2 protein chains.
Amino acid sequence: MNSPDMGPRNRLLAALSPRDLRRLSSSLEPTSLEARQVLDGPHDSIKHAYFVESGLISVVGTAEPDHRIEVGMVGREGMTGLGIVLGDDRSANATIVQSAGTALRISSAALREAMKVHPAFAAILLRYVNVFIAQASQTALANGRGRLDERLARWLLMWHDRLGDADLIITHEFLALLLGVRRPGVTVALHDLEGRGLIRANRSLVRIIDRDGLQLAANGFYGIPEAEYDRSIGLN
Amino acid sequence: MNSPDMGPRNRLLAALSPRDLRRLSSSLEPTSLEARQVLDGPHDSIKHAYFVESGLISVVGTAEPDHRIEVGMVGREGMTGLGIVLGDDRSANATIVQSAGTALRISSAALREAMKVHPAFAAILLRYVNVFIAQASQTALANGRGRLDERLARWLLMWHDRLGDADLIITHEFLALLLGVRRPGVTVALHDLEGRGLIRANRSLVRIIDRDGLQLAANGFYGIPEAEYDRSIGLN
DNA sequence: GTCGGTCGGTACGAAAGGGTCCGGACGCGC
DNA sequence: GCGCGTCCGGACCCTTTCGTACCGACCGAC
């Protein structure tokens with residue numbers, strides 16, 4: 001996985017004891033994540049859980065084919081495959097790679113087994129599930145109550161957190177899909193944020209200029225799941 | 001709890017083996033749920049989990065004081081206190097009684113202990129968490145993509161499922177709060193549904209007339225978490 | 001029966017956002 | 001350096017929803 005002198009880049013795995021981690025590592029298979037790759041469709045049987053090391057994965061809620069929206073985001077602080085953690089092998093949501101990167105993946109069976117053998121590991125994953133619920137809840141809140149520019153600010157901050165890069169490679173089109181709005185609406189909202197000096201936008205690129213300003217622009221819709229994560233799983 | 005010849009009315013408890021249930025029953029304390037009672041505020045330490053027997057509880061996502069919206073609903077098919085199930089003692093969401101009823105409650109410590117001693121019990125609760133994630137995800141989807149009348153239809157159906165009564169006692173004001181919209185908007189949307197012959201509305205009362213029609217009106221935003229529940233936890 | 005509070009119906013202008021189209025700009029491949 | 005596909009900017013008009021306000025209807029208390 002990583003060079004032996006550094007811990008794993010995934011923050012859930014990093015929270016494990018070195019001993020548990022060593023025993024687990026044989027089940028963890030390094031994988032590359034390609035942009036737009038679909039890890040699990042809705043209602044698919046989940047074959048692997050992914051511990052993200054770099055890049056970013058979207059959890060997308062789906063009903064009818066054209067009713068889709070992002071409900072959560074997973075970077076190196078998290079994992080996919082919560083259904084497995086919860087003893088089921090499927091979920092109503094899809095998981096789709098949004099920004100290419102790498103992950104350590106583990107088969108469903110091995111994950112179940114590992115949770116049985118390492119209760120501390122299971123405990124960490126369950127606490128992450130709780131944080132994920134907070135994330136989905138806040139998304140529901142933002143979707144219901146927030147204006148487009150506020151939701152956009154929230155989204156940019158969350159992306160920034162998880163990728164740790166001020167330059168986000170994304171098209172307006174894709175952003176519109178994730179936010180569940182019209183594409184030109186995203187263009188206008190980005191201009192608005194740009195006019196306020198919070199970002200710079202260019203073809204397929206958004207650069208974060210003023211993170212604190214973006215937090216203000218998000219008008220309270222950003223931050224709660226992130227604080228929950230730090231409280232519950234820790235800053236490591 | 002209930003007379004010995006019938007199982008518990010809560011469907012999660014009903015899924016337990018009679019033996020596990022008997023051993024658990026001493027920890028379960030019958031409680032009445034009063035309308036508008038706040039079981040847990042956001043970020044409170046959760047003292048008890050509630051297995052609902054009748055009535056209905058809302059899970060409300062909160063950020064700023066005036067940023068609130070319902071993200072999930074719990075009736076006798078479910079429970080509150082998912083944070084405890086997940087090994088944490090708090091959640092970013094509030095739980096509020098929406099329709100009076102009764103519940104069996106269990107202290108956090110006893111619930112943790114029971115999950116340790118009865119793995120089958122723990123497994124059921126974790127599968128319920130997975131269903132709840134589906135519910136919150138679909139709420140995020142409906143809030144982002146659905147029109148007011150579609151969301152209203154979804155909401156009425158979910159309420160109807162969980163209470164099993166065609167007459168719903170609720171004011172437009174309160175509905176507006178839960179849906180995160182303006183009160184007169186609810187009035188108009190209810191008239192619309194009424195004009196289509198799907199409901200009858202009166203002061204503080206909504207009667208479901210045509211459930212199938214409401215499902216059509218919900219335009220695909222209703223049903224996924226309910227199907228997940230039946231698949232994962234079973235029809236009992 | 002009257003009073004006061006809650007609840008519902010309605011109406012207005014204003015804002016946000018959707019649907020659609022078009023044209024220009026950029027950038028990669030050849 | 002040409003061409004084509006992708007991406008962005010802007011425009012049009014329309015629907016949905018908001019904000020606010022006002023008033024009438026209902027209901028329980030006295």
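We name chains A, B, ... by the order of the sequence lines, and we start the count at 1 in each one. Keep in mind that this is a model prediction, so the values were computed, not measured. Only heavy atoms go into these numbers, but all of them, side chains included; no hydrogens, no water, no symmetry mates.
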(request) To the nearest 0.5 Å, tell me how far B:Glu173 CD sits from B:Arg183 CZ. (result) 6.5 Å

Roughly, in whole Å, what's the span from [atom1] in [X] to [atom2] in [N]?
X	N	atom1	atom2	value
A:Arg147	D:dT17	CZ	P	17 Å
A:Leu152	C:dA16	CG	P	15 Å
B:Asn219	D:dT16	CG	P	13 Å
A:Arg145	D:dG19	CZ	P	9 Å
B:Leu179	D:dC18	CG	P	10 Å
A:His67	C:dG18	NE2	P	13 Å

(message) If the threshold is 4.0 Å, N to carboxylate O, is there a salt bridge linking A:Arg11 and A:Asp230?
(response) yes

(request) Please step through side chain to side chain donor-acceptor pair (under 3.5 Å) for the pair B:Thr102 and B:Ser32, ending with a clear verdict. (result) CA-CA 4 Å; B:Thr102 60; B:Ser32 73; over 6 Å; no

(request) Identify whether NZ of Lys or CZ of Arg in B:Arg127 sits under 6.0 Å from the centre of the six-membered ring of B:Phe132 and within 45° of that ring's axis. (result) no

(message) Which label fits B:Tyr229 and B:Tyr128: parallel for a plane angle under 30°, tilted from 30 to 60°, or perpendicular past 60°?
(response) perpendicular

(message) Does A:Arg207, at its CZ atom, have more than 12 non-hydrogen atoms belonging to other residues, nucleotides or ligands within less than 6.0 Å?
(response) no

(message) Return a single string for nucleotides 4-14 of chain C, one symbol per nucleotide in 5' to 3' order, where B is base contact, S is sugar-phosphate-only contact and - is none, cutoff 4.0 angstrom on heavy atoms.
(response) -BBBBBBB---

